Amino acid sequence: MATYDIAVIPGDGIGKEVMDYGVKALQIGAEIHGGFSFEFQQFPWSCEYYQQHGKMMPSNGIEILNGFNAIFLGAVGLPALVPDHISLWGLLIEIRREMRQYINLRPVKQMRGVQSPLASPKDFDIVVVRENSEGEYSPIGGRMGHNENEIAIQNAVFTRKGVDRAVRYAFELAVKRDKKFLTSATKSNGIIHSMPFWDEVFHQVGQEYNHIIQQSTHIDALCAFFVTKPHTLDVVVASNLFGDILTDLGAAIMGSIGIAPSANINPEKKYPSMFEPVHGSAPDIYGKGIANPIGQIWSAKMMLDFFGYEEIGHLLLEAIEDTLEQGIATPDLKGTSSTSEVGEAILGTFKKKQK
Ligand code: NAI
Ligand code: MG
């Protein structure tokens, strides 16, 4: 029987409140299937860890994680303890890059039982493929000068290899889906070097996928389309920053950032992939017991899919939607239930599902 070793990093804030439900969902998934199991090992790497050790994870942290089949992360960052750029680059971005998780998959889907804030949305089902290893998130640049003469320079890095593999992944995903339609997020009118290059690679790779409908859309217009006509979109490929912003908007049209999941994928499976909700540590609600656990649980579904148990993943998503349809929801979805009430209801519904 296959056993998957999972490194669990709850992290900071509400990450510590929602993680348990994600882990239990994985365990129940394995029980329903009967043909595989999970082994979990938890790590305390977080801003509190930083306060004690001066770093977000031990210097051999990447080496330790490399021994696992996947990483399950809650959220990282507590700006009151550690500046965000230190906590993010010291753990999350470090893992994404060192583990070559160059694809970040983020579904944006209308959920049964959730009222989208859009006035009269038609059924939408989008997957954003975010380039996850380079682009605008770059350590290159610097600051100089003082006061009115101060200058900050931030260089974006786009490589042919990096853009090609992200775009190719998105085309392959579009091939597997019904609409066979890929939109590339660009801004080649304003960003005159990297974005025309991005468009060029998109066009070149696209010639190998003639049967896929393909378009380049400026990111500003695309943001508007997420609001005005999300049902017309299918797969969207975007650079690191564009994909990040677009998927918070995606989470908002789904109903709440608290339900959005993501998967950081190393497609070659040479390194472990990492599954985590889109949301952060939400310091404003931490400790109140009202964090929505669905982003974490849906991320567990993405892990099940990744290991090839898509039928189990499908049942888990059904359990989430069944629960929402019963009106069991946290305050971010205008419900009155707590984290544990929503979490337990979903797990209970999932348990009753038969393969
Ligand atoms: P955030 O996602 O933590 O919170 C934004 C808003 O959404 C807040 O009002 C929060 O209460 C609400 N929210 C988020 N998740 C929720 C959930 N599960 N249930 C109910 N409401 C939820 O983003 P913010 O405030 O910009 O960042 C807070 C910290 O998290 C920062 O340190 C930031 O760097 C970090 N962060 C970490 C991420 C990660 O680990 N992947 C992603 C985004 C932010
Ligand atoms: Mg974000």
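We count residues from 1, following the sequence as given. Just so it is clear, the model here is predicted, and its values are computed rather than measured. Counting starts at 1 for both ligands and their atoms, following the listed order.
Geometrically, ligand 1 and Arg96 share no nitrogen or oxygen pair separated by less than 3.5 Å. Close N/O approach between Ser281 and ligand 1 is found [any backbone or side-chain N/O within under 3.5 Å]. At a 3.5 angstrom cut-off on N or O pairs, Leu88 does not count as close to ligand 1. Considering both main-chain and side-chain atoms, Leu92 never comes within under 3.5 Å of ligand 1 through any nitrogen or oxygen pair. The distance criterion of under 3.5 Å between nitrogen or oxygen atoms is not met by Leu73 with respect to ligand 1.
Not counting sequence neighbours, the partners of Pro267 by the side-chain contact (heavy atoms from CB on, under 4.5 Å) test are Tyr102, Ile103, Tyr169, Ile265.
Close approach of ligand 1 to Ile257 is summarised as follows: ligand atoms under 4.0 Å from at least one heavy atom of the residue are 7 (O), 12 (C), 13 (N), 14 (C). Atoms of ligand 1 lying under 4.0 Å from at least one heavy atom of Pro283, given by number and element, are 28 (C). Taking every non-hydrogen atom of Glu276 and a distance limit under 4.0 Å, the qualifying atoms of ligand 1 come out as 41 (N). Against a heavy-atom cut-off of under 4.0 Å, Leu78 is close to the following atoms of ligand 1: 32 (O). Near Ala291, the atoms of ligand 1 lying under 4.0 angstrom from a non-hydrogen atom of the residue are 19 (N). Short contacts between ligand 1 and Ile14, defined as distances under 4.0 Å to a heavy atom of the residue, involve ligand atoms 15 (N), 16 (C), 17 (C), 18 (N).
Residue contact annotation: Thr330 has no non-hydrogen atom under 4.0 Å from ligand 1. Ligand 1 lies within reach of Val278, whose nearest heavy atom is under 4.0 Å from it. Contact between Gly295 and ligand 1 is absent, with no heavy atom of the residue lying under 4.0 Å from the ligand.
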**Q.** Residues Lys351, Glu31; criterion salt bridge (charged side-chain N to carboxylate O under 4.0 Å, His left out); working and verdict
**A.** CA-CA 9 Å; Lys351 241 180 231 170; Glu31 278 159 28; over 6 Å; no

**Q.** Full working for salt bridge (charged side-chain N to carboxylate O under 4.0 Å, His left out) between Lys187 and Asp220
**A.** CA-CA 8 Å; Lys187 191 62 196 171; Asp220 38 0; 2.8 Å; yes

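Within 6.0 Å of NE2 in His211 there are more than 12 heavy atoms belonging to other residues, nucleotides or ligands. The 12-atom threshold is not exceeded at NE2 of His314, counting heavy atoms of other residues, nucleotides or ligands nearer than 6.0 Å.
No side-chain donor from either of Ser239 and Glu131 sits under 3.5 Å from a side-chain acceptor of the other. Counted by atom type alone, Thr349 and Asp322 present zero donor-acceptor pairs between their side chains at under 3.5 Å.
Of the candidates Ile294, Ile290, Asn292, Val342, Asn292 brings a heavy atom nearest to atom 19 (N) of ligand 1.
Each of Phe40, Phe43, Phe275 was scored for a ring-ring contact (aromatic ring centres under 6.0 Å, His included) with Phe68, with one residue passing: Phe43.
Here salt bridge (charged side-chain N to carboxylate O under 4.0 Å, His left out) pairs that include residues 261-286, with residues two or more places apart or in two chains, are Arg96-Glu276.
The OH atom of Tyr209 sits 10.0 Å away from atom CG of Leu182, with the distance rounded to the nearest 0.5 Å.
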